[in-house]
Trainee: 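This is the structure I want to talk about, given as C-alpha cells.
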Amino acid sequence: MRFPASTSVLIVGAGPVGLTLSVLLSEHGVRHLLVEAHPGTSHHPKARGVSARSMEIFRRCGLEADIRRAGLPASQIFFYRGRSLVDPDFVRTGLPDGPAQGAERTPSPGLICPQNALEALLLRRARQLAPDGVRFATRLLSFSQDGDGVHAVVEETNTGQRHAVRADWLVGCDGASSGVRSGAGIAMEGPTGLGHFLSIRFEAPLGDVVAERASASYFLTEPGRGGFLAVDNDRHWIYQHPFDPQRDDIADLMSDQLQLAQLVREAAGLPNLEVTVQDTMTWRMDAQLAETYRRSRVLIAGDAAHVIPPTGGHGMNTGIGDADNLAWKLAAVTAGTAGQALLDTYESERRPVARQVIDLSLANSRARTGYRIDDELLLTAAYRSTAVIADTGEPPRPPLDPEREHPGGGPGARLPHLRLPDAAPIASTLDLTDRGFTLLTHTGDTAWQRQVDTARAAGLPVALRSLADPATASAWDDGGWTTAFNLPATAAVLVRPDTHIAWQAPNPPADDTELLDALHRILSSQQPRRPRQPPGQYERADGTILEERSWLWQGHAGPQGWQAAWTRTRDLLAPVVGDDRFGMEGDPFRGKIADGAAGLATAFYLLADGCGPQVPHVRRAQVEELMRPGPGQSDGDVVQRWEELLQALGHDPDADNDPVSKRWRILRTDYGQEDDPTVIGEVLIRQGYGLLEGLATVLTIMRQPF
C-alpha cells in the first residue's frame, strides 16, 4: 500500500477511541490516516462495559447489531458479591432503575462486550470505509507544528522504513502514556498509584459453577481478594488480583504459570479447578486529567486526555464520547464550513464531563459496600460552549446529572429519545438526525423550510425533519413534543451531528436568515456580508471582486513562471488567507510551493470558467479518487485516467487553443520527462494535492463545502 504523504487528520492509537474516530471521520467524508505501533488489535478483553451512550454512537455507525451479538446477553448483566465464586451467601444485584423507573431513555441500552471483540468490529468497519486508512505496526517517531499543520515522522516497525506525513491535524488516542500528549507539552493533573492489579486471562470450565448466579462482574469480599470478569460466563475469564508493588515480586509471579493458576483456584474457591493461563498484564489505577485537550494543531482524546478509575465502567465510554464530539468538528473545520475556534469547544464541552466522571469513579472506589453502575449516566451530558446557543440566564450546573434532577431537551443536552412506532429502521427520534445538522419541527410549517433552504444555499449542511410526517406523528400525541422540549408546537430544535441540541426557537421567525445566523455562531464561522456574486465574479474579504484571472492558469514552464504565479497568488489571497498556506519548506521555485500555486491557479480556472456553479457539489473524496492508483495500477495509469477525463469533458490534450490542454502539457513537461508516465504520474499526484488545497481555499472564501 502506498503510504500517503499528506492527510487531513493523522490519528495515533488504534484502541476503541482511535478506531471510533476513524469510523466517524470516514462517515463525515474526512480524509485521515490512523497509525498504531502494535501489530494488531488487543488480545486482552480489558474494558468490557459499553454504555448506552456509546451504543447510540455505534447505532449511528451501523454497528449496534454486531456488537450486541459479540456481547453477553442482557440476562447476565448482574453484579455478584461473595467470598468466592461458590459462596452460598452471595448477593447479586442488577442495574438500578433510577428515579424515572420504567421510562425508556434510549433505544440502545449498554452491554458487556470485551474490548478485543469490540476493537475487531470497529477495525472491520474502519477498513470498509477507508481501506488504506489504518496502519498497524507503525509508530509515531516525532512531530512538529507550524501555522498550517503538523509534520510527522512515522516508522513501520517490521521494516524500519520511515515516512514523512503532513497533516492538518494530529489527534492522540494513544493511551495513558500518550506520546502525542507528551510531545505537545500537555501536563496531567491528579493522583496516580491508587491501586495496582495483575490481570490474568484464563480458560476454565466455570459455566456450570455460575449457572444460577451468572453475572457480568464477580466482586470478592473478605477474605477473598480482587474479582472475576466474565468474558463468556463459560470457559473464558479474567481474574483481577490486587498487589502491592513495594512488597510483592510481581515479575516472578507473572512468569510462574503454576502459581498463577493456583491464585485463580484460591480466589474461585475451587481447589481442583482446571486452569489454563493464557496471558497476563498489570495495570495501575490513576485518576488524572489533562490540563488542556488542544495545543494548536494537536488534540488528544480518550485515555490520553483522562485516566479514569474503572470503578463505574466509564473510562472507555468517556473516550468514545470524545471521538463523537471531535469528529464532526474536525469535519466542519476541514470542509471550510467552520472556523478553527470550533475546535476549542471540544475541550470546553468534554473536559468538564471527564472531570465529573473521574470524581464519581473515585467516590465509587472508596465505597465499602459496593458502588452504583449507571449505564445511562453519560446520556445526561449537557454542554455549555460557543457551539451551543443557550439561555445565558440559566444557572450553571454540573455537565452530568447522576440523580436525573434536570429534565433534558434544552440546548446543550442530548436529543431526547422517543420511540417511533411502525417506523423501522427509524425507530427513535435519535434516528431522525443526519451527518450534518438537523432541524426538527413538530409541524410542517413552510417557514422552517425557507430557513433551511437559506442555510443550505450558503453551503451549510442542514436537513429538515418534520414530526408531522404520518410515520412519526403518533409518537408525539398527548403532548410528547411539549414534554420533551418544553416548547410550543410551532417551535423548531436544531440538532448537531453528535445528536446534542445546538439551538431552539419557539416560533418561525419572519427573517429567513435566523437559522443561518445561528449556524454561523455555532460553527464559529464568518457570515458573508452580501449574497454570492454570479459565476465568474467572487467576493473577497475586503469586498474586491476577483477578476483578471487568466495569468493564474496561463502559466509558463520553468522556475520563473512558477515563482511569478506563486507571488501573484499569495498577494491576491493575503487579505483572505492569513497564514502562508503554501509556504512550505524546500526549493522556493518547485516542490510544494509550485504545487500550491498551480493548485490555486487551476482552482480559480475551474471555478470561474470551467465548472461554474457545479463546483460547490464537488467533494474532496471525488477529486482524490482521480489521483489514487487502483489495485494493481501504477502512477502511469493515473495519467491515462486524467487524459480520458479531459477528453470526456471535451478537451483535446493536443489542442493549442485550449487553456486546459495547455495547462496539462505544462504539467507533462514540468520535469522534462514527457514520455515517462510514471514520473508524470508522480508529478500529477503531487500537483493534484496542490489542486485539492487550492479548491479548499477558494471554496472557503466562497463559503462553500468541499
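In what follows, every heavy atom counts, from backbone to side chain, and hydrogens, waters and symmetry copies are set aside. Heads up: numbering here begins at 1 and tracks the sequence.
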Trainee: Does the pair His417 and Ser428 meet the rule for a side-chain hydrogen bond (donor to acceptor under 3.5 Å, both in side chains), with working shown?
Mentor: CA-CA 6 Å; His417 156 67; Ser428 164; 2.7 Å; yes
Trainee: I'd like to know if the side chain of Thr334 reaches the main chain of Leu330, judged simply by a donor and an acceptor atom lying under 3.5 Å from each other, with no hydrogens or angles considered.
Mentor: yes
Trainee: Dump the intermediate steps for side chain to side chain contact (heavy atoms under 4.5 Å, CB included) on Phe3 and Asp132, then the final yes or no.
Mentor: CA-CA 9 Å; Phe3 209 97; Asp132 298 336; over 6 Å; no
Trainee: Quick test of your reading of the model: are Arg355 and Glu189 salt-bridged, counting only N-O distances below 4.0 Å?
Mentor: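 No, no charged N to carboxylate O under 4.0 Å.
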Trainee: I'd like to know if the side chain of Thr438 pairs up with that of Asp434 as donor and acceptor (distance under 3.5 Å, no hydrogens or angles considered).
Mentor: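 Absent: no donor and acceptor within the cut-off.
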Trainee: Kindly determine whether Gln240 and Leu229 satisfy side chain to side chain contact (heavy atoms under 4.5 Å, CB included), including the steps that lead there.
Mentor: CA-CA 8 Å; Gln240 303 279 24; Leu229 305 178; 3.5 Å; yes
Trainee: With a 6.0 Å cut-off on ring centres, are Trp328 and Phe437 close enough?
Mentor: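 Here the rings of Phe437 and Trp328 have centres that are less than 6.0 Å from each other.
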Trainee: Going from CG on Leu362 to CG on Asp286, what distance comes out if it is rounded to the nearest 0.5 angstrom?
Mentor: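 Atom-to-atom, Leu362:CG and Asp286:CG are 10.0 Å apart.
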Trainee: Keeping the roles fixed (side chain from Arg297, backbone from Asp168), state whether a donor-acceptor pair exists under 3.5 Å.
Mentor: yes
Trainee: Are the side chain of Arg69 and the backbone N or O of Glu64 linked by a donor-acceptor pair below 3.5 Å?
Mentor: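 Not at all, since once roles are kept as given, no pair shorter than 3.5 Å links the two residues.
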Trainee: State, yes or no, whether a side-chain contact exists between Thr41 and Leu122 at a heavy-atom distance under 4.5 Å.
Mentor: no
Trainee: What is the distance from atom CG of Leu378 to atom OG of Ser51, rounded to the nearest 0.5 Å?
Mentor: 5.0 Å
Trainee: Check this for me: His38, atom NE2, are more than 12 non-hydrogen atoms of other residues, nucleotides or ligands nearer than 6.0 Å?
Mentor: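 At most 12 heavy atoms, drawn from other residues, nucleotides or ligands, come within 6.0 Å of this atom.
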Trainee: If you count the non-hydrogen atoms of other residues, nucleotides and ligands that lie under 6.0 Å from CZ in Arg295, is the total more than 12?
Mentor: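 Check passes, neighbour count above 12.
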Trainee: Verify side-chain hydrogen bond (donor to acceptor under 3.5 Å, both in side chains) between Asp322 and His306, making sure each step is shown before the conclusion.
Mentor: CA-CA 10 Å; Asp322 294 343; His306 42 73; 2.6 Å; yes
Trainee: Just by distance, do the side chain of Arg294 and the backbone of Ser296 share a donor-acceptor pair under 3.5 Å?
Mentor: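 Side chain of Arg294 to backbone of Ser296, a donor-acceptor pair under 3.5 Å: yes, one is there.
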Trainee: If I compare all heavy atoms of Leu24 with all of Ala327, which pair ends up nearest, and what's the gap?
Mentor: CB-CB, 3.6 Å
Trainee: Say you draw a straight line from OG of Ser54 to CE of Met316; how long is it, rounded to the nearest 0.5 Å?
Mentor: 6.0 Å
Trainee: Using every non-hydrogen atom in the two residues, find where Pro45 and Arg201 come nearest and quote the distance to one decimal.
Mentor: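 What the structure gives for the nearest pair is CD-CD, 3.3 Å.
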Trainee: Could Asp146 and Arg166 be called an ion pair, given the rule that one side-chain N must be under 4.0 Å from one carboxylate O?
Mentor: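 Salt bridge flag = yes for Arg166 with Asp146.
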Trainee: List the steps, then state whether side-chain hydrogen bond (donor to acceptor under 3.5 Å, both in side chains) holds for Asp279 with His44.
Mentor: CA-CA 8 Å; Asp279 61 41; His44 203 90; 2.9 Å; yes
Trainee: Would you say Glu119's side chain and Ser42's backbone share a donor-acceptor pair under 3.5 angstrom?
Mentor: yes
Trainee: If you compare all heavy atoms of Val353 against all heavy atoms of Leu400, which two are closest, and at what distance to 0.1 Å?
Mentor: O-CD1, 4.1 Å
Trainee: When you check the gap from the basic side-chain N to the acidic O, do Glu291 and Arg181 get nearer than 4.0 Å?
Mentor: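 Result for this pair is no, no salt bridge flagged.
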Trainee: Between Arg59 and Glu56, does the salt bridge (charged side-chain N to carboxylate O under 4.0 Å, His left out) criterion hold? Intermediate values first, please.
Mentor: CA-CA 5 Å; Arg59 179 188 183 91; Glu56 289 183 353; over 6 Å; no
Trainee: Quick one: pull up CG in Asn325 and CZ in Arg496 and give me the separation to the nearest 0.5 Å.
Mentor: 6.0 Å
Trainee: Taking His196 for the side chain and Arg284 for the main chain, is one N or O donor matched with an acceptor at less than 3.5 Å?
Mentor: no
Trainee: So does Arg414 get a backbone contact from the side chain of Thr499, meaning a donor-acceptor N/O pair under 3.5 Å?
Mentor: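 Not at all, since once roles are kept as given, no pair shorter than 3.5 Å links the two residues.
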Trainee: Do Val388 and Trp503 touch side chain to side chain, with heavy atoms closer than 4.5 Å?
Mentor: no
Trainee: Can you tell me if Thr311 uses its side chain to pair, donor with acceptor, with the backbone of Ser361 under 3.5 Å?
Mentor: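 Yes; judged by distance alone, with no hydrogens or angles, the pair exists.
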Trainee: Which one of Asp375, Leu111, Ile57, Ile112 satisfies the side chain to side chain contact (heavy atoms under 4.5 Å, CB included) criterion with Val50?
Mentor: Leu111
Trainee: Taking Thr138 for its side chain and Phe136 for its backbone only, find out whether a donor-acceptor pair lies under 3.5 Å.
Mentor: yes
Trainee: Would Arg53 and Asp324 count as a salt bridge (charged side-chain N to carboxylate O under 4.0 Å, His left out) if you check the C-alpha gap in whole Å, the side-chain angles of each, and the deciding distance to 0.1 Å?
Mentor: CA-CA 10 Å; Arg53 181 54 182 162; Asp324 188 37; 3.6 Å; yes
Trainee: Nearest 0.5 Å, what's the CG-OG distance between Leu34 and Ser22?
Mentor: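 Rounded to the nearest 0.5 Å, the CG-OG separation comes out at 5.5 Å.
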Trainee: Test side-chain hydrogen bond (donor to acceptor under 3.5 Å, both in side chains) on His163 and Glu156; report intermediate values, then the result.
Mentor: CA-CA 8 Å; His163 306 275; Glu156 297 181 71; 2.5 Å; yes
Trainee: Would you check if the side chain of Asn317 reaches a backbone N or O of Gly313 as a donor-acceptor pair within less than 3.5 Å?
Mentor: yes
Trainee: Within a strict 4.5 Å, meaning less than it, do heavy atoms of the Ser199 and Thr280 side chains meet?
Mentor: no
Trainee: Within a reach of under 6.0 Å around CZ of Arg384, are more than 12 heavy atoms found that belong to other residues, nucleotides or ligands?
Mentor: yes
Trainee: Please give me the minimum heavy-atom distance between Pro4 and Arg135, naming the atom from each residue.
Mentor: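 Minimum heavy-atom contact is CD-NH2, 3.8 Å.
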Trainee: Below 4.5 Å, heavy atoms only, C-beta onward: do Arg435 and Pro497 meet side chain to side chain?
Mentor: no
Trainee: Does Arg125 come within less than 4.0 Å of Glu27, counting only side-chain N to carboxylate O?
Mentor: yes
Trainee: Could you check whether any side-chain heavy atom of Leu299 comes within less than 4.5 Å of a side-chain heavy atom of Tyr346, counting everything from C-beta outward?
Mentor: yes
Trainee: Check whether the side chains of Gln278 and His43 place a donor and an acceptor atom closer than 3.5 Å, and report yes or no.
Mentor: no
Trainee: First locate atom CG of Asp303, then atom CD of Gln288, and finally report the distance between them rounded to the nearest 0.5 Å.
Mentor: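 Rounded to the nearest 0.5 Å, the CG-CD separation comes out at 11.0 Å.
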Trainee: Show, in sequence, the C-alpha distance, side-chain angles and deciding distance for Phe143 and Val154, and conclude whether the side chain to side chain contact (heavy atoms under 4.5 Å, CB included) test is met.
Mentor: CA-CA 9 Å; Phe143 67 88; Val154 301; over 6 Å; no
Trainee: Check Pro109 against Met55 and note the closest heavy-atom contact, atom names and distance.
Mentor: O-CG, 3.7 Å
Trainee: Verify side chain to side chain contact (heavy atoms under 4.5 Å, CB included) between Leu430 and Leu415, making sure each step is shown before the conclusion.
Mentor: CA-CA 7 Å; Leu430 295 170; Leu415 176 68; 4.0 Å; yes
Trainee: For Glu155, give me all partners under side-chain contact (heavy atoms from CB on, under 4.5 Å), at least two apart in sequence or on another chain.
Mentor: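 So Glu155 forms a side-chain contact (heavy atoms from CB on, under 4.5 Å) with Arg139, Leu141, Arg162.
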Trainee: Any non-hydrogen side-chain atom of Thr7 less than 4.5 Å from a side-chain atom of Val165?
Mentor: yes
Trainee: I want to check a possible cation-pi pair here: Arg350 against Tyr293, using under 6.0 Å from ring centre and within 45° of the ring axis as the test.
Mentor: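 No; the conditions do not both hold, so Arg350 does not lie above the ring face of Tyr293.
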Trainee: Can you name the closest pair of heavy atoms from Gly459 and Thr337 and give their distance?
Mentor: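 Heavy atoms only, the tightest pair is O-CG2, 3.7 Å.
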